[in-house]
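For reference, the structure discussed in these notes is given below.
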Amino acid sequence: MISVAKLVARPLGFLLLTSALVLAPLALPHLRSGGMAWADDHNDGGDGGGDDDDDDGGGAASRAGRDASGRSGPGRTTGPLRRLLRGQAPVTAQRPPAVVLPRFAPEIVVTDLTATDRALLLAEGFAVIADDRLPGIGPEPGSTITRLSAPPAVSLDSARARVRLLPSGIEADLNHYYRSGQAGDALLPVTAPTPCTAEICAAQQMIDWPENRATCPVTVTVGVIDTGVNAAHQMLEGAQIRVVTLADTTQDPSRAVHGTAVVSLLAGAATSRVPGLIPEARLIVADVFGRGGGDERADVVSVMKALHLMASEGVRVVNMSLAGPENTVLDQAISRFTATDGMVIVAAAGNGGPDAAAAFPASHPGVVAVTAVDGRTRIYNRAQRGDHLDLAAPGVNLLLATSVSGARLQTGTSFAAPFVTAAAAVLLSQGLTRDEVSARLTATARDLGRAGADPIFGNGLLSAARLCG
């Protein structure tokens with residue numbers, strides 16, 4: 001005869017065993033890692049940082065102390081399942097606190113400070129961190145951009161206001177940081193396959209990019225201000241790429257992830273998995289990014305150097321897939337190069353989300369601001385918005401070159417901008433002026449969203465159907 005205690009114990013034991021079997025799959029990730037971890041949503045960091053495993057295969061089987069089978073130890077049960085079997089409460093994973101990245105370096109930047117104003121500031125307790133010569137444009141000798149530290153016990157805002165009171169310091173500003181828009185986000189569904197053998201061709205066909213541009217090749221030099229680029233990548237074979245490093249040398253060098261992806265859109269070899277839009281073009285890439293404490297960023301000084309370099313080299317169109325706060329020093333430089341020198345500057349709208357303020361330099365009135373859409377012309381859900389937007393272009397789930405070898409899907413407004421840059425390069429090569437290029441691109445865009453220009457799509461989707469006509 002079975003006792004009452006056994007009748008109670010058997011169902012309880014059965015219940016515990018069943019619960020363990022049901023919950024075991026949920027605990028498998030923890031069994032493999034020996035603890036909790038938060039996954040990176042983007043391949044190769046998507047539109048920016050993250051995993052730097054750049055080949056097309058999986059990672060090593062022995063990562064984080066695991067053996068080839070993925071176990072954390074021989075025959076051992078670890079993590080939440082072990083606690084459950086012991087009758088203990090499972091440990092709840094805590095999301096790591098959000099990292100707030102600095103918006104600027106603790107210094108003031110100003111161009112062409114006179115000796116008199118400089119001496120006055122030094123007497124007031126300012127200190128010169130460095131003077132950097134900017135490349136001259138044509139016969140001009142060039143400018144000097146000076147980095148100043150504030151006097152002791154004086155805030156940066158007060159120090160900036162003081163420098164702006166001087167005759168040669170009116171454009172002074174903080175040394176802001178700019179980033180390539182590394183907003184992590186889950187990938188949207190890949191668009192339906194097309195007859196084209198290369199995945200990137202779907203995006204090119206979406207904007208009616210001419211398959212044969214024999215009658216309208218790119219003859220102007222194209223500038224790219226970004227991270228470093230792996231010019232030896234197999235998908236960039238034969239490309240005419242010159243990389244100039246202008247970043248702060250006190251920081252670690254930039255990773256070539258973002259820049260290589262951007263450049264592959266422009267100059268990818270025709271027979272590669274990422275055939276470029278304008279593979280015949282000559283590119284000058286200014287590497288303005290450095291890494292400090294894991295944060296990859298560019299400051300005002302390096303971006304200013306890059307803009308002056310482009311102008312001194314006669315570059316007619318510049319791609320800037322980076323974003324940050326508005327800055328008076330950069331604002332004046334961009335105004336000069338666009339309005340006076342006729343340079344076409346194309347910038348990514350930024351990936352801060354639809355509620356974020358407009359990002360700079362895309363918000364500059366002289367810059368062509370580009371947002372991203374997917375293969376069904378839906379807006380990228382992290383794209384920033386505003387009345388400053390000019391055009392939309394493909395920027396979701398694009399197969400692009402990684403920094404070492406192979407290619408991966410990448411998403412972000414950074415990758416929409418090169419489509420517009422390429423179109424501008426073709427038009428400039430036909431003799432059009434900056435204003436004519438801007439007018440042509442906006443007039444021929446395919447309207448999206450509400451009728452006319454709007455703060456989500458700008459003037460609409462870039463159309464290259466009449467690019468060579």
Between [Y] and [X], is the closest basic N to carboxylate O distance under 4.0 Å?
X: Arg378; Y: Asp374; value: yes
X: Asp295; Y: Arg179; value: yes
X: Glu107; Y: Arg160; value: no

Please give me the minimum heavy-atom distance between [X] and [Y], naming the atom from each residue.
X: Asn397; Y: Thr411; answer: N-OG1, 2.9 Å
X: Gln234; Y: Gly406; answer: NE2-N, 3.3 Å
X: Gln410; Y: Ala401; answer: NE2-O, 4.2 Å
X: Phe419; Y: Ala203; answer: CZ-CB, 3.9 Å
X: Ala348; Y: Ser321; answer: CB-CA, 4.1 Å
X: Thr215; Y: Pro217; answer: C-CD, 3.5 Å

Are any of the side-chain heavy atoms of [X] and [Y] separated by less than 4.5 Å?
X: Thr260; Y: His233; answer: yes
X: Ile241; Y: Val263; answer: yes
X: Arg291; Y: Arg255; answer: yes
X: Thr146; Y: Val109; answer: no
X: Arg242; Y: Glu313; answer: yes
X: Asp226; Y: Val288; answer: no
X: Ile225; Y: Leu322; answer: yes
X: Thr227; Y: Val257; answer: no

Pairing donors with acceptors under 3.5 angstrom, does anything connect the side chains of [X] and [Y]?
X: Ser438; Y: Asp435; result: no
X: Thr221; Y: Arg282; result: yes
X: His258; Y: Ser414; result: yes
X: Asp248; Y: Thr250; result: yes
X: Thr144; Y: Asp131; result: no
X: Ser403; Y: Asn230; result: no

Test your reading of the model: is there a side-chain donor-acceptor pair from [X] to the backbone of [Y], 3.5 Å cut-off?
X: Glu436; Y: Thr433; result: yes
X: Thr371; Y: Ala349; result: no
X: Ser302; Y: Ala298; result: no
X: Thr442; Y: Ala439; result: yes
X: Ser264; Y: Leu400; result: no
X: Asp287; Y: Phe289; result: yes

Practice task
Determine, stepwise, if the pair Leu428 / Arg434 fulfils side chain to side chain contact (heavy atoms under 4.5 Å, CB included).
Solution key: CA-CA 8 Å; Leu428 287 169; Arg434 171 195 169 275; 5.5 Å; no

Exercise for the section: Assess whether side chain to side chain contact (heavy atoms under 4.5 Å, CB included) is satisfied between Met206 and Val373, documenting all intermediate values. Expected result: CA-CA 11 Å; Met206 179 178 164; Val373 294; 3.7 Å; yes

Practice task
Look up atom OG in Ser335 and atom CG in Asp341, then write down how far apart they are to the nearest 0.5 Å.
Solution key: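 CG of Asp341 is found 11.5 Å from OG of Ser335.
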
Handout entry: Step-by-step side chain to side chain contact (heavy atoms under 4.5 Å, CB included) determination, Ser272 to Glu237
Key = CA-CA 9 Å; Ser272 73; Glu237 185 177 0; over 6 Å; no

Problem - side chain to side chain contact (heavy atoms under 4.5 Å, CB included) partners for Asn327, two or more places apart - result: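 For Asn327, the residues satisfying side chain to side chain contact (heavy atoms under 4.5 Å, CB included) (neighbours in sequence not counted) are Asp173, His176, Tyr178, Val300, Val329, Leu330.
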
Sequence neighbours left out, what passes salt bridge (charged side-chain N to carboxylate O under 4.0 Å, His left out) with [X]? Give chain and number order.
X: Asp112; answer: none
X: Glu280; answer: Arg213
X: Asp355; answer: none

Practice task
Output every pair passing disulfide bond (SG atoms under 2.5 Å apart) with a member in residues 281-349, not counting sequence neighbours, ordered by first then second residue.
Solution key: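 Matches after skipping sequence neighbours: none remain.
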
Exercise for the section: Tell me, with the steps shown, if Val318 and Met343 meet side chain to side chain contact (heavy atoms under 4.5 Å, CB included). Expected result: CA-CA 8 Å; Val318 177; Met343 181 186 292; 3.6 Å; yes

Let me have the donor-acceptor pairs involving side chains of residues 457-469, under 3.5 Å, with sequence neighbours excluded, atom names and distances please.
residue : atom : partner : partner atom : Å
Asn459  : ND2  : Asp390  : O            : 3.1

